[in-house]
Structure formats: structure tokens, C-alpha cells
Number of protein chains: 2
Amino acid sequence: MNTTIYDVAREAAVSMATVSRVVNGNPNVKPATRKKVLDAIERLGYRPNAVARGLASKKTTTVGVIIPDISSIFFAELARGIEDIATMYKYNIILCNSDQNKEKEIHLINTLLEKQVDGILFLGGEITEEHAEQFKHASVPIVLAATVDENKQFPSVNIDYQQAAFDAVTELIERGHERVGFVSGPIDDPVTGYQKYTGYKEALKKHSLAFDEQLVAAGENTYDDGLEAVDRIMKADQMPTAVFAATDEMALGVIHGLQDADWRVPDDVEVIGFDNTRLATMVRPTLTTVVQPMYDIGAVSMRLLTKYMNQEDVGDHIVELPHRLEYRMSTRA
Amino acid sequence: MNTTIYDVAREAAVSMATVSRVVNGNPNVKPATRKKVLDAIERLGYRPNAVARGLASKKTTTVGVIIPDISSIFFAELARGIEDIATMYKYNIILCNSDQNKEKEIHLINTLLEKQVDGILFLGGEITEEHAEQFKHASVPIVLAATVDENKQFPSVNIDYQQAAFDAVTELIERGHERVGFVSGPIDDPVTGYQKYTGYKEALKKHSLAFDEQLVAAGENTYDDGLEAVDRIMKADQMPTAVFAATDEMALGVIHGLQDADWRVPDDVEVIGFDNTRLATMVRPTLTTVVQPMYDIGAVSMRLLTKYMNQEDVGDHIVELPHRLEYRMSTRA
DNA sequence: CTGAAAGCGCTAACAT
DNA sequence: ATGTTAGCGCTTTCAG
């Protein structure tokens, strides 16, 4: 049997209430009795039972995090930002991988709610009607991070993916390229696909360049798909002289695919990636890429969630973090 | 107010016990009444409170995972293995980053125990006396993964790091190299440093090669430290013709450092890494490396933990997974 | 400043 | 097959 607050109370010859007070740092305890209690706790090796506390107080100091895949460099970095801030605010994190699978996501939300988490951080592809329904019925605050919510009906933190893609492609165009390839994950993936795709097309249009289906390769966001994308776009009737890849990992694939086929980067083809993961400096040439502050997105979203959980006033429910281009060697100086 | 089991009981005109039975899939319920209850649950939108259940049943179906840094490729992959198996056995995971900081680790163990996790998975550097003390007093099973426990007093899953390093270095030596560099994280880190260092020295000794301090560079396990290591070891009085790096990330640094200084890999210098993270195929030349089954270590350790939690019979408390060399292009065919 | 007592929502005997 | 009844360990009024 573990020792309980009752045992401590008896040992210290006070009431449970008093023990509870000292354990919770309530100032209304005479120093002398506080000491008595502390001693008893020490002597008995008492450790408060957070489950009982949770039941009584209706707070678990635990938040649920639904993430597509913790083994992805991108999400792992985000997760670290989340965890650090959570720790700072004394929360623990229940981490769940969803693989962006809607069924799983819905199921996980339910599980987390059953576990009485104080809040949920949702990272994923997209918010569907069904997600929205769930979220609305949740009794705790929910914040989205790196997740597209068309209707902007839930608090979220993001960067402007479309604008970021637009900026990157514009940079390429302004360097004189008229044939810019686009390599991405599934186009129907809201963040890694669609938004960047739209930004890409906008940039072309803005500069009166024709859109060419042959310069587009949509794979699965992996290195190998980047590699393969090269096969496809370099076979276009008119080859691209620059490539914008939707993730750094794909960009590495593109660079190596290009090099394997004896093209030189950046001399023959310039390449820009997206995310600025640690991978970007781990290639030759190093990768020029759109900086997405992953750690910060995680940190800020967690911070936002803590505010909701404490019912603090929140300014903007939708926060958009800045992005920028980091110039490295995969583009010409 | 959320709806409780009591509300459901009233709505279905049965007792709480019966509701509890159907919620928990107890077969001793007449189909008809089961349906009545299910309907009531549906109608009320009832969602069981896991905290209350936890308090009453003394099981939370949650396990704590203490991990050095989730943003590391290596640990993220391990975490994925852990989470997948946990999900399979209906457990959730409370994920905590320790940064291998002993204070934090001890503190986290306590927090997790307070939260009444059903078990703990500990990944980290090393088990000290103090850790051991904590573990012994824990009321739940603890399994170590990718963590060195000198006294082998706790259940754990690992590969034989020393042997693996020995094998890699031996491979290099048998290819005719007499000057093999060793690049690693802090030598005093049990897994990434000491064990591999020992394996390295053993291999030299076995083949009657002299140990040369100048060929050893211990940094911080990062890409940049790999890069810098090259500066050091290539300045040795007699340069190495092969390098064994303790992690893939360092190995990438070494390869690029070498290439930046106009050495050719593998022609001038052969390189072998360690881990077989996804990075290994994301370099040119692709990296020959020691395969450490990260996902499996995570999965197996979680599986082991479930056995302890279910008080099942466990065969070996210490499991050692196999390692092997994966030959790629950073070594000559 | 301290204590008594009523739950929090559920499970687990024990009855029936 | 179903109901009754204690708790699980803690927080939280409410008194004093």
C-alpha cells in the first residue's frame, strides 16, 4: 500500500486538509505546522497521487498532442518546442502519432478527452467538418499548429505557406529563371501540397510565366521522391533551370538526383527548399531554403494553449509567424 | 457538467454497475440490457472519465517515456517504435525530454510516478546509483532502452555497442587500413562515447595496431563536430586513411569535411558511420554504416514493458538486438 | 489558521 | 444477469 495524504495527516497529527494545503503551497499554514507536515512527508516518503488530485480538482496538468509522425524531422522539432514550453508551465504531454489518418485523429481526440487532458494541441493536415465537430464538442481548449483551417474557426499558429512558396519562387524568377520546377508531397495535402502549389502558380502568373504540368512532380515528401522527381522534370520538353521543393528532405533528393545525372547545382540548376531543418546544412551544396520556425511554432502554440487553459485573455487567436529565405549555396550568389 | 456513469444508469434504468460492465465489455450482460445502455450512452453523449477509472482501478493505461531529446533523429525513430507498440496495447504515452540531465531525469521519474503511470521506459545515457535507487523504489516496472546499465540490474534492450564498433573498425582494418580515425561524441557518454571508443581500441589491439591519440576526435555528436573533427585528425602526423564515426550525423560531417578539403571519399578516405538513420542514404557518397535497429529497440522495449505490466512471464530481462554493417558507397567495394 | 465532511466518477467485491 | 455499496486519494467548501 502506498502512503496517502491520510497517513501523513495522522503522522503529523493534523487534518488531511492541512496536509493538502502544504502540499499545494497554500500560504495559510503556520510555519510550525508546515514543518511538522513536511517532516511527516519526508519520513513516510509520501508522493501525492495525481490521479486522485485530478479527479477532485478536475485538472490533470496534462495536455494531449496529436502529431502526424514524431519520427519526421520536421514534427520532432515542433514537438520539442511544444514540450519545452509545456514543461515551463508544469504540464506533461501525452504524445500521439496520427499518421494524418482521419479515423485515428478522431479516435485520439476522444481518448485524450477521456483522459481528461486540460487541452489539446493538434498538428496535422487539415481540419475537416468532422474534426470541427469534435473540436466544438470538446470541453477543453484546442489549438492547431502547422495545420490548415480553412475557416479559421479555431486558434492556430502557422506561417503563411502560400506566401512563403510565392516568395521562394519569385526569388527564383527574379534571378532570371523562366522554367521553375515544383517538387512536393501530395498536392492535396493542405500544407505541404496545396498551399505551396498555389503559391507557386501565383508567382508564375504574377510574372507572366506559363504554367507547365511537366515541371511539377508530386510525390510523398520523402528524399526518394525528390530523387525521382528529377527524372520526371528533367525530361520535360523544356527542362527547368531552377527547382522549388516543398520540403528540405525533398530538396536534398532533388540536389542528389541532379548531381547523379551530372547536372551541377547551382550552376545548371538552382534549388530552393522549405523548412530549414538541420538537413539544409548537411548537403553539398548547402541548401537555400525557406525558414519555417518549427521550434517556435511548437512553442508558441503551446504557450497559446496555456493561456486558454488558464482562461487568460488572448489577443489574436490566429497567429502567423514570419518566414524568410535563408541563402546558402544551392542558389547562385 | 459532463454526463457521468450515473446519468447513463438512470437514463437506461439500470445500475451503475451494469453500465460499467457494458462500457468495459464484460460479457455478463444480457444483450437486451446492453442495447438499452448503449442507446442511453449514445443519447447522452457519454464519455467515460479515465481519471476516475484510474483512481478506482489503479491502472491508468499510460506509460511514461523519458527520452534525451525528441528532436534527435535517433530518438525520434525510437519513440515512434515505442508509440506504435504502446498504441497496439492500448497504452498512451507521456513523453518527457531529459536532455540527459540527471536532475531532470530524477525529477521526471517522480512526476511520472505521481501521475500513476503503469510503467516507465527510460532512455538516456547512463544509470547512476541515484537512478538505480529511484528505480528500485518505483512501484511500477521500468525498462531501459538504448541505455547502459553497467550492473545489468534492470530490464533493458540494446545492441552491443562495443562489439558493433569493434566490428566496424575491424572491417576497416581488414581492408588494409592501418590508420583509422575515431570520431565521436563525448567519450564519457556511455553509449555514443565510451563503449564505441572501447570497441575501437579493442579492434586496434586485436590487429596489433598502435593507438594514436591524434586520430581521435570527440565532439558533441553533431554534424558540425564531425566537420571539425576532420580538421583535427587530418592534421595528424600520419593521416588516417579511414574513419569510424560514432553516429551517422557525425559521419556526414566527416564526409563533407573531407570533401571540403578536397579529399575523396572513399578513394582517399573510407568512412563508416553508426545507426543507419535515414541520413545514411541522404549523402553522396551514401554512407556505409552500422545498422542499429532504432525502431525495433523502441518497439521491443515497449513490448517488454507491457509484459511486466501484465505480470506476464518474461524470458530474458536483458535483450540484445543484432547489429550489422550496411555497405554503401563511402567504403570501397 | 485548521478541521470536518462531502464529493469527484468509477470499479470491484458482494449480494441477490 | 443485475444491483448495492464501499472505497480509490485528493480538493474544496464551510465552520470554527
Quiz item: Can a donor-acceptor pair be found between the side chains of R47(A) and N2(A) at a distance below 3.5 Å?
Solution: no
Quiz item: Heavy atoms under 4.0 Å, any strand shown: does N28(A) hit a base, just sugar-phosphate, or nothing?
Solution: base
Practice problem: Answer yes or no: does a side-chain N or O of Y6(B) lie under 4.0 Å from OP1 or OP2 of dT4(D)? | Solution: no
Quiz prompt | Nucleotide of dT11(D), dT2(C), dA12(C) approaching K30(A) most closely (side-chain heavy atoms) | solution = dT2(C)
Quiz item: How many Å lie between CG on N26(A) and P on dC10(D), as a whole number?
Solution: 17 Å
Quiz prompt | K35(A) NZ - dC1(C) C1' separation (whole Å) | solution = 19 Å
Quiz item: Quick one: is dC10(C) close enough that its OP1 or OP2 comes under 4.0 Å of any side-chain N or O from K58(B)?
Solution: no
Quiz item: When only distance counts, do a donor and an acceptor, one from the side chain of R21(A) and one from the base of dG3(C), lie under 3.5 Å apart?
Solution: yes
Quiz item: Roughly how many Å is it from NZ in K36(A) to P in dC1(C), rounded to a whole number?
Solution: 14 Å
Quiz item: Would one find a side-chain N or O of N24(B) under 4.0 angstrom from OP1 or OP2 of dT11(C)?
Solution: yes
Quiz item: Any luck finding a side-chain donor-acceptor pair between N310(A) and T306(A) under 3.5 Å?
Solution: no
Quiz prompt | Interatomic distance where CZ belongs to R10(B) and P belongs to dC10(C) [whole Å] | solution = 13 Å
Quiz item: Below 4.0 angstrom, N of the basic side chain to O of the carboxylate: do D99(B) and R80(A) qualify?
Solution: yes
Exercise. Rounded to the nearest angstrom, tell me the gap between atom CG in N49(B) and atom C1' in dG7(C).
Key: 14 Å
Quiz prompt | Candidate nucleotides dC10(D), dT4(D), dG9(C), ranked by approach to the side chain of Y46(A) - the nearest | solution = dC10(D)
Quiz item: Think T18(A) has a side-chain N or O under 4.0 angstrom from the OP1 or OP2 of dT2(C)?
Solution: no
Exercise. Would you indicate, yes or no, if dT2(C) has its OP1 or OP2 atom less than 4.0 angstrom from a side-chain nitrogen or oxygen of T33(A)?
Key: yes
Quiz prompt | Side-chain donor-acceptor contact under 3.5 Å, D84(A) with Y295(A) | solution = yes
Quiz item: Can a side chain N or O of T4(A) be found less than 4.0 Å away from OP1 or OP2 on dC8(D)?
Solution: no
Quiz prompt | Under 4.0 angstrom between R53(B) side-chain N/O and dT11(C) OP1 or OP2 | solution = yes
Quiz item: Would you say a side-chain N or O of S15(B) is under 4.0 Å from OP1 or OP2 of dG3(D)?
Solution: yes
Quiz item: Rounded to the Å, how far apart are I5(B) CD1 and dT4(D) C1'?
Solution: 14 Å
Exercise. Could you check whether S20(A) gets within reach of a base, just the sugar-phosphate, or nothing at all, counting any heavy atom under 4.0 Å?
Key: base
Self-check item: Modelled atom types, side-chain donor and acceptor of K115(B) and T62(A), under 3.5 Å
Solution: yes
Practice problem: Round to a whole Å and report the spacing from CE of M16(A) to P of dC1(C). | Solution: 21 Å
Self-check item: Atom-pair distance (CG on L55(B); P on dG9(C)), nearest Å
Solution: 12 Å
Quiz item: With a 4.0 Å cut-off on heavy atoms, is V14(B) in touch with a base, just the backbone sugar-phosphate, or nothing at all?
Solution: sugar-phosphate
Quiz item: For S57(B) and P31(A), take the nucleotide of DNA chain C holding the closest heavy atom to each; which residue's nucleotide lies nearer the 5' end?
Solution: P31(A)
Quiz item: Among dT11(C), dG9(D), dA13(C), which nucleotide sits nearest the side chain of A52(A)?
Solution: dG9(D)
Quiz item: Are R10(A) and D7(A) close enough for a salt bridge, meaning some N to O gap below 4.0 Å?
Solution: yes
